[in-house]
Novice: 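First the structure, then my questions, so here it is.
Small disclaimer: the values here were computed from a predicted structure and weren't measured.
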Amino acid sequence: MRHVHIPVQRVARAARASAMPTRGLGDKARWYLPAAIAADLVGAGVPVGLVFEAAQQARPVYCALGAALAWTGVQLMRRRYAGRALGESRGVLPVVHDWLILIGVLAVARVVTGENTPRLAALGALVPALLVTVACHKLTYRHLSAARREAHAVSRVLVIGEPDAAESVIGHLAARTDHPYVVVGVVPVGPGGLESGVPVAARLGSAMAQSPNGDCASVLGAVAAHRADLVLVAPGARLAGERLRRISWALHDAGLELAVFPGLVEVSVKRLETLSAGGLAVLRVAPPVSRGVQTLLKSVLDRAGATLGLVLLSPAFLAMVVAIRLGSSGPAFYRQRRIGRNGVPFVMWKFRTMVVDADALKADLSGANENDGLMFKMRRDPRVTRVGRLLRRTSMDELPQLINVAAGNMSLVGPRPPLPEEVAQYDEVELRRLAVRPGMTGLWQISGRSDLSWDETIQLDLQYVDNWSFTSDVDVMGRTLRAVVDGRGAY
């Protein structure tokens, strides 16, 4: 059986959840809903009122009230105020989608009422609604994430499945805290030991009990004993078909929720579609996007963005070149062979942040590598110059990669471009990260960079490759600015 290692802090989180009174997603802070509604009302109403008053519109107060009610109405129809949604997302794109709907609604209202405020001014008055709502979402997301680390506002989960499958589910859920599930018990099906440390609430036989109610009684008893809010099933040969259906009947009759883990990991819900075929529930998984309009948009954004960036940043480039040359002897730029899409090598450009003979000194420092995988990383690398440390801290050393993006070797967003010696040691799974062009920024860069383990880095890269979309690139670029300002993991 594969050993599942669960970090100590995750075990403590589960223990706190087990010791607490019965709590669920309704345990979220009570201020989330009034804060969200107030932010939407004020963010839309006040700016519209001020702009329309300045434009000497006849009824600025009514227009402000209409805009505020329209914005909260759109949010209500999109179920943004539902208990399950509050605090769950910090993403910008869903809010932008809602905001575009608001613009459409108000455009119709403008025609109907004959309101004549200049279009550009009216549109500008709605921008604060977008910004305030995004800020509110980020605030509640941060608060909820901190609360979940202390086992608040979580769903207490009972996992049912064959030992190997149950251990896999428990390991995945325990490895992260960016979700509401805390496993408080497990019901293994059939023989086999468990190494995760989660309490065994009951055990089902390899075959359905002669009395079907026997399985149901065991599961319901385990739910009651551990005060579970949700039963998560990992189906297998011993738990499927009629047996699973009877357990689902018992749980639903008792007013309990049932969820089924299909065995897929790191697959975006946007790629999933539920179907029914001959009475069977079927989960269709769409292939990753690899061609079409979205890929064309990405290519246009890459080339145009890189070219514009090189033009606008040329004065900053000159200043950094002077600083690097004054700080240490040697060229200002550093060229390095990297591996691109489909294993094709290319020369990557960066500002030099180390001494000239840094590559020759790398072998002497191999024993001080702080990364647990194929990458070499040191928090206090003695080869880094004083100017280079500042450039790395602000990520400005990466800016010359705009040349690679403009040339088509790289993308603005994508996996980290690996070294040839790293790729030489890749296994079949790790090679999949070469299916797309490497990027200047990506999920790795905005999630901790060098502070991440090798496994976490690969997981993020594969998640990007399998679930890429143009809108996800836009979201990553938006979150990159905060990562650069924060500087976490940049060394």
Side-chain angles (χ1 to χ4, degrees), residues 78-80 82 84-85 88-98 100-101 161 165 168-169 171-173 175-176 178-181 232-236 240 244 257-302 340-343 411-416 426-439 441-444 446-447 455-479:
R78 300 277 290 171
R79 301 184 62 80
R80 307 304 188 195
R84 290 184 177 275
E88 299 292 348
S89 173
R90 62 176 175 181
V92 176
L93 293 178
V95 184
V96 172
H97 190 185
D98 296 346
L100 293 176
I101 294 175
S168 177
V169 172
H172 275 93
L173 293 179
R176 295 164 61 171
D178 57 349
H179 60 82
Y181 296 151
L232 180 57
V233 174
L244 179 56
E257 289 193 39
L258 170 71
V260 178
F261 171 63
L264 297 169
V265 294
E266 303 300 344
V267 176
S268 170
V269 294
K270 292 183 292 187
R271 293 174 55 203
L272 302 179
E273 178 185 3
T274 54
L275 305 172
S276 179
L280 298 175
V282 178
L283 189 64
R284 176 183 175 272
V285 183
V289 178
S290 59
R291 59 179 62 87
V293 176
Q294 292 198 67
T295 55
L296 177 62
L297 288 174
K298 179 180 177 70
S299 180
V300 170
L301 178 63
D302 284 343
R341 184 177 185 181
N342 298 324
S411 173
L412 292 176
V413 181
R416 185 190 69 88
Y426 278 4
D427 60 23
E428 186 176 336
V429 173
E430 292 163 343
L431 282 173
R432 184 167 175 79
R433 70 194 297 269
L434 302 180
V436 299
R437 286 197 301 271
T441 185
L443 294 178
W444 179 75
I446 63 176
S447 302
D455 287 343
E456 289 172 326
T457 300
I458 292 298
Q459 177 184 336
L460 288 171
D461 285 344
L462 295 182
Q463 179 181 336
Y464 176 84
V465 171
D466 288 341
N467 301 304
W468 174 82
S469 68
F470 180 76
T471 54
S472 68
D473 271 9
V474 175
D475 185 53
V476 168
M477 285 188 283
R479 292 164 61 187

Novice: Check T471 against L93 and note the closest heavy-atom contact, atom names and distance.
Specialist: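 Smallest heavy-atom distance, with atoms named: O-CD1, 2.8 Å.
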Novice: Within this structure, what is the CD-CD1 distance for the pair Q463 and I458, rounded to the nearest 0.5 Å?
Specialist: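 Result: 13.0 Å between the selected atoms.
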Novice: Restricting to non-hydrogen atoms, name the atom on K270 and the atom on S469 that form the minimum distance, rounded to 0.1 Å.
Specialist: NZ-OG, 3.4 Å
Novice: Does any N or O in the side chain of S411 come within less than 3.5 Å of the main-chain N or O of G414, such that one atom is a donor and the other an acceptor?
Specialist: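 Side chain of S411 to backbone of G414: no pair is present.
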Novice: Less than 4.5 Å apart, side chain to side chain, heavy atoms only: is that true for L232 and L173?
Specialist: yes
Novice: Just by distance, with hydrogens left out, do Y464 and R433 show a side-chain donor and acceptor under 3.5 Å apart?
Specialist: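 Their side chains do not contain a donor-acceptor pair, so the 3.5 Å distance test is not met.
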Novice: Could you report the tightest heavy-atom contact between V260 and P235, atom names first, then the distance?
Specialist: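 V260 and P235 have their closest heavy atoms at CG1-CG, 3.4 Å.
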Novice: For V92 versus D475, what's the shortest heavy-atom pair and its separation?
Specialist: N-OD1, 3.9 Å
Novice: Ignoring hydrogens, what is the shortest heavy-atom contact between E88 and R84? Give both atom names and the distance.
Specialist: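 Nearest pair, atom of E88 first, then R84: CG-O, 2.8 Å.
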Novice: Decide yes or no for L443 and V476: does some side-chain heavy atom of the first lie under 4.5 Å from some side-chain heavy atom of the second?
Specialist: yes
Novice: Working to the nearest 0.5 angstrom, can you tell me the gap between T457 OG1 and W444 CH2?
Specialist: 6.5 Å
Novice: Out of L301, D302, L296, which one pairs with K298 under the side chain to side chain contact (heavy atoms under 4.5 Å, CB included) rule?
Specialist: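 Among the candidates, only D302 passes.
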Novice: Could you measure the distance from the OG1 atom of T441 to the CE atom of M477? Nearest 0.5 Å is fine.
Specialist: 9.0 Å
Novice: May I ask you to test the E273-V285 pair for a side-chain heavy-atom distance under 4.5 Å?
Specialist: no
Novice: Does the side chain of T274 come within less than 4.5 Å of V282's, by heavy atoms?
Specialist: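 Contact flag for V282/T274 side chains = no.
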Novice: Looking at side-chain heavy atoms only, is the closest gap between P94 and R80 below 4.5 Å?
Specialist: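 Yes, at least one pair of side-chain atoms sits under 4.5 Å.
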Novice: Check whether any side-chain heavy atom of R416 lies under 4.5 Å from a side-chain heavy atom of P438, and answer yes or no.
Specialist: no
Novice: Under 3.5 Å, side chain of Q294 to main-chain N/O of F470, donor-acceptor pair present?
Specialist: yes
Novice: Is the shortest heavy-atom distance from the side chain of V265 to the side chain of H172 under 4.5 Å?
Specialist: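 Result yes, sub-4.5 Å side-chain heavy-atom pair found.
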Novice: Tell me whether R432 is salt-bridged to D461, with the criterion being a basic N under 4.0 Å from an acidic carboxylate O.
Specialist: no
Novice: Test side chain to side chain contact (heavy atoms under 4.5 Å, CB included) on V233 and L244 and set out the steps.
Specialist: CA-CA 9 Å; V233 174; L244 179 56; 3.8 Å; yes
Novice: Restricting to non-hydrogen atoms, name the atom on V436 and the atom on V465 that form the minimum distance, rounded to 0.1 Å.
Specialist: CG2-CG2, 3.9 Å
Novice: For a quick check under 3.5 Å, do D473 and W468 share a side-chain donor-acceptor pair by atom type?
Specialist: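 Indeed, the side chains of D473 and W468 share at least one donor-acceptor pair under 3.5 Å.
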Novice: Starting at CG of L283, measure out to CZ of R271 and round the result to the nearest 0.5 Å.
Specialist: 10.5 Å
Novice: Would you check if V289 and N467 make a side-chain contact, meaning some heavy-atom pair closer than 4.5 Å?
Specialist: no
